[in-house]
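Let me begin by presenting the structure, written as structure tokens, before commenting on it.
Here the structure is a predicted model, which is why all the values come from computation and not from measurement.
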Amino acid sequence: NPSIVQHGGDDNTLDRLFSFLLRKKNVVTGPKLRGVAIDAGHGGLDTGVIAGDGYKEKEATLALAARLSKLLKMNLGIPVYLSRDDDYELTPKQRLEPVAREEVDVWLLLHAQGSFAPAAEGVVLFIRSNADNLSDGSLDASRQLADELKGSLEEFDVPVVGIFTSPLVQLGQGRLPTVLLELGYLTNPVDLQRLRSTDGQQQLAEALYQGLK
């Protein structure tokens, strides 16, 4: 289950802050990204999904976040803000801190998942439930971003289940391009190998980098 902000409750100051941060963002109109925020899901005692051999979701997301960050910094020369850079637990507020940076034009949330069906495999991309055609007829930037990431992953021979909107995955309102990626199933041997191996992690990082570029 993604460790991100959920709606609910009368006293929901954090949720209001979350919505404010995303609403104040404008879709980038220049030729280049100014900055990227990456949330490496889970951490610390919050392990996320655990594979049969003990490999943890929190390890996969941190490793991939580090690799993707390095590619973006080296090749595009832009700042990348990670929610965490080591194995520690985060509060929901701490997960939002990278998004508050004024130059952040994209927010990626990295996760992995498990299934009772070992055959389940591939990447699943989620966008906010209002990420569809806007009133002016243009396509929401989160949808565009998800399309680019999907295409790039497939070019790198990474299977993609699809792009979905879900009210159960709270990605806030506003127009900040935001995509939550379930990067594979730790219960599937092929996905697990990709998520835990050096070559597989680099394959995923390169694919996401090309999609962002």
Side-chain angles (χ1 to χ4, degrees), residues 2-4 28 32-43 47-49 51 53 55-88 90 95 98-99 101 103-114 121-127 141-142 144-163 171 176-213:
S3 296
I4 50 179
V28 61
K32 294 171 60 178
L33 289 173
R34 298 175 301 165
V36 175
I38 302 175
D39 177 28
H42 305 282
T47 62
V49 175
D53 64 358
Y55 189 62
K56 301 174 180 65
E57 179 182 356
K58 67 174 184 177
E59 299 175 75
T61 60
L62 183 62
L64 185 54
R67 289 180 181 277
L68 179 55
S69 174
K70 183 177 180 180
L71 285 173
L72 288 166
K73 290 177 179 178
M74 288 180 57
N75 294 299
L76 298 185
I78 60 175
V80 181
Y81 302 102
L82 303 181
S83 61
R84 63 184 180 95
D85 57 6
D86 209 336
D87 183 21
Y88 48 83
L90 296 173
R95 288 197 184 277
V99 189
R101 303 275 186 165
E103 64 269 35
V104 166
D105 291 321
V106 164
W107 191 25
L108 296 185
L109 299 94
L110 307 182
H111 288 270
Q113 58 186 331
E121 69 172 326
V123 176
V124 183
L125 300 94
F126 288 100
I127 53 180
S142 293
Q144 291 180 311
L145 174 59
D147 285 339
E148 293 290 347
L149 294 174
K150 178 179 182 293
S152 184
L153 285 162
E154 290 172 338
E155 286 181 6
F156 277 77
D157 295 321
V158 177
V160 178
V161 178
I163 301 170
L171 298 172
L176 176 67
T178 301
V179 177
L180 184 150
L181 296 108
E182 296 283 0
L183 295 159
Y185 289 82
L186 294 180
T187 46
N188 178 280
V190 177
D191 281 2
L192 176 60
Q193 176 64 17
R194 183 184 299 113
L195 284 165
R196 71 171 304 157
S197 69
T198 298
D199 289 344
Q201 290 170 3
Q202 192 63 28
Q203 177 190 23
L204 286 167
E206 291 277 0
L208 296 181
Y209 163 70
Q210 291 295 337
L212 284 166
K213 190 176 74 167

When you measure from the side chain of [X] to the backbone of [Y], do you find a donor-acceptor pair of N or O atoms at a distance under 3.5 Å?
X: Y185; Y: E182; value: no
X: D39; Y: S83; value: no
X: Q203; Y: F156; value: yes
X: S152; Y: L149; value: no
X: Y55; Y: L195; value: yes
X: R84; Y: H42; value: yes
X: S142; Y: T178; value: yes

Straight-line distance of [X] [atom1] to [Y] [atom2], nearest 0.5 Å:
X: T47; Y: E59; atom1: OG1; atom2: CD; answer: 9.0 Å
X: K150; Y: E155; atom1: NZ; atom2: CD; answer: 11.0 Å
X: D105; Y: L212; atom1: CG; atom2: CG; answer: 11.0 Å
X: L180; Y: L109; atom1: CG; atom2: CG; answer: 5.0 Å
X: R95; Y: L82; atom1: CZ; atom2: CG; answer: 11.5 Å
X: Y209; Y: L72; atom1: OH; atom2: CG; answer: 7.0 Å

Close side-chain approach of [X] and [Y], heavy atoms under 4.5 Å:
X: E57; Y: L186; answer: yes
X: L145; Y: L108; answer: yes
X: V36; Y: K73; answer: no

field: Candidate pair Q210 and N75, rule side-chain contact (heavy atoms from CB on, under 4.5 Å), full reasoning
entry: CA-CA 11 Å; Q210 291 295 337; N75 294 299; over 6 Å; no
message: Does anything in residues 184-205 form a salt bridge (charged side-chain N to carboxylate O under 4.0 Å, His left out)? List the pairs, not counting sequence neighbours.
response: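 Listed once each, the pairs are D53-R196, D191-R194.
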Which atoms form the tightest heavy-atom contact between [X] and [Y], and what is the distance?
X: I38; Y: A65; answer: CG2-CB, 3.9 Å
X: L62; Y: D87; answer: CD2-N, 4.1 Å
X: I127; Y: V179; answer: CG2-CG2, 4.1 Å

field: Stepwise side-chain contact (heavy atoms from CB on, under 4.5 Å) test for E103 and Y81
entry: CA-CA 10 Å; E103 64 269 35; Y81 302 102; 2.3 Å; yes
field: Stepwise side-chain contact (heavy atoms from CB on, under 4.5 Å) check, L153 with L208
entry: CA-CA 7 Å; L153 285 162; L208 296 181; 4.2 Å; yes
